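Right, one structure below, let's go through it.
Since we're looking at a predicted model, the values are computed, not measured.
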Amino acid sequence: QAQLVESGGGLVQAGGSLRLSCAASGRTLSSYAMGWFRQTPGKEREFVAAIRWSDGSTYYADSVKGRFTISRDNAKNSVYLQMDTLKPEDTAVYYCAAAMRHTGAAMDSIYRFLKAYDYWGQGTQVTVSS
């Protein structure tokens, strides 16, 4: 069984910070990389950031680069998304996802695409007020 559980969402004012967590269990423990995506009503789910378990290599969407930081704690089987200088346009449901295939691909290649991921969490709401 594979499970990803997100937490840490909430309501914050513009300019504030939030830290999202994603706990992996079951089959997702053998994943190659983890990603964060976000989605607003009526829009497609979009890539935010990704990280490789083995060496911590990361990749970010241009819209969050310099404001968000993805990290992992291998001992806790968890991935985090530190979100600073939040903007109202960051409001969305945030999902973590696990990529199971050990492709060896660079993080800036396929890991910005939904199809690279095999398992998804249930999502956590982030709302940034202006």
*Where do L11 and S129 come nearest, in terms of heavy atoms and distance?*
CD1-CB, 4.3 Å
_Contact between V79 and I70 at the side-chain level, heavy atoms closer than 4.5 Å - yes or no?_
yes
_Using every non-hydrogen atom in the two residues, find where M107 and A33 come nearest and quote the distance to one decimal._
CE-CB, 4.1 Å
*asked:* Does the structure place the NZ or CZ of R45 under 6.0 Å from the centre of the six-membered ring of Y95, at an angle of no more than 45° from the ring's axis?
replied: yes
*Indicate yes or no for a side-chain donor-acceptor contact from Q122 to the backbone of V5 under 3.5 Å, with no hydrogens or angles considered.*
no
*Check R101 against A116 and note the closest heavy-atom contact, atom names and distance.*
NH2-O, 3.5 Å
*Roughly how far, to the nearest 0.5 Å, is the CZ atom of R38 from the OG1 atom of T124?*
14.0 Å
*Rounded distance (nearest 0.5 Å) linking atom OG1 of T69 with atom OH of Y60*: 4.5 Å
*Kindly compute the distance separating OG (S31) from CZ (R52), expressed to the nearest 0.5 Å.*
12.5 Å
*Got L86 and F68 here, is their nearest side-chain heavy-atom distance under 4.5 Å?*
yes
*Flag yes if L114 and V93 sit in one hydrophobic cluster, no otherwise; membership is Ile, Leu, Val, Met, Phe, Trp, Tyr, and two members link when side-chain heavy atoms are under 4.5 Å apart.*
yes
*Within 6.0 angstrom of K76 NZ, more than 12 heavy atoms from elsewhere*: no
*Report yes if some heavy atom in the side chain of Y32 is under 4.5 Å from a heavy atom in the side chain of D118; otherwise report no.*
no
_Within the structure provided, determine whether P88 and S130 are in side-chain contact (heavy-atom separation under 4.5 Å)._
yes
*Partners passing salt bridge (Lys or Arg N to Asp or Glu O under 4.0 Å) against R67 (at least two apart in sequence or in another chain)*: D90
*asked:* Taking the six-membered ring of Y80 as reference, does the cationic atom of R19 (NZ for Lys, CZ for Arg) lie under 6.0 Å from its centre and within 45° of its axis?
replied: yes
*Where F47 and Y111 come nearest, the two heavy atoms and their spacing*: CE1-O, 3.3 Å
*Verdict with reasoning, Q125 to T91, per side-chain contact (heavy atoms from CB on, under 4.5 Å)*: CA-CA 8 Å; Q125 176 71 47; T91 295; 4.0 Å; yes
_Once rounded to the nearest 0.5 Å, what's the spacing between atom CH2 of W53 and atom CG of L29?_
8.0 Å
*Hey, does L20 have a side-chain heavy atom less than 4.5 Å from the side chain of M83?*
yes
_Is there a continuous path of hydrophobic side-chain contacts, each under 4.5 Å between heavy atoms, that joins Y94 to V12?_
yes
*Same cluster or not: are Y59 and I110 linked, directly or through other Ile, Leu, Val, Met, Phe, Trp or Tyr residues, by side-chain heavy atoms under 4.5 angstrom apart?*
yes
*If we only count heavy atoms from C-beta on, is the M34 to T28 side-chain gap below 4.5 Å?*
no
_Measuring only between side-chain heavy atoms, which start at C-beta, is M100 closer than 4.5 Å to Y119?_
yes
*Quick one: closest heavy-atom pair of A97 and Y117, and the distance?*
CB-CD2, 3.6 Å
*In Å, rounded to the nearest 0.5 Å, how long is the span from OG1 of T40 to CD of E46?*
7.0 Å
*Measuring from S54:OG to R72:CZ, what's the distance to the nearest 0.5 Å?*
7.5 Å
*Give a yes or no answer on whether the side chain of N77 reaches the backbone of S25 with a donor-acceptor pair at less than 3.5 Å.*
no
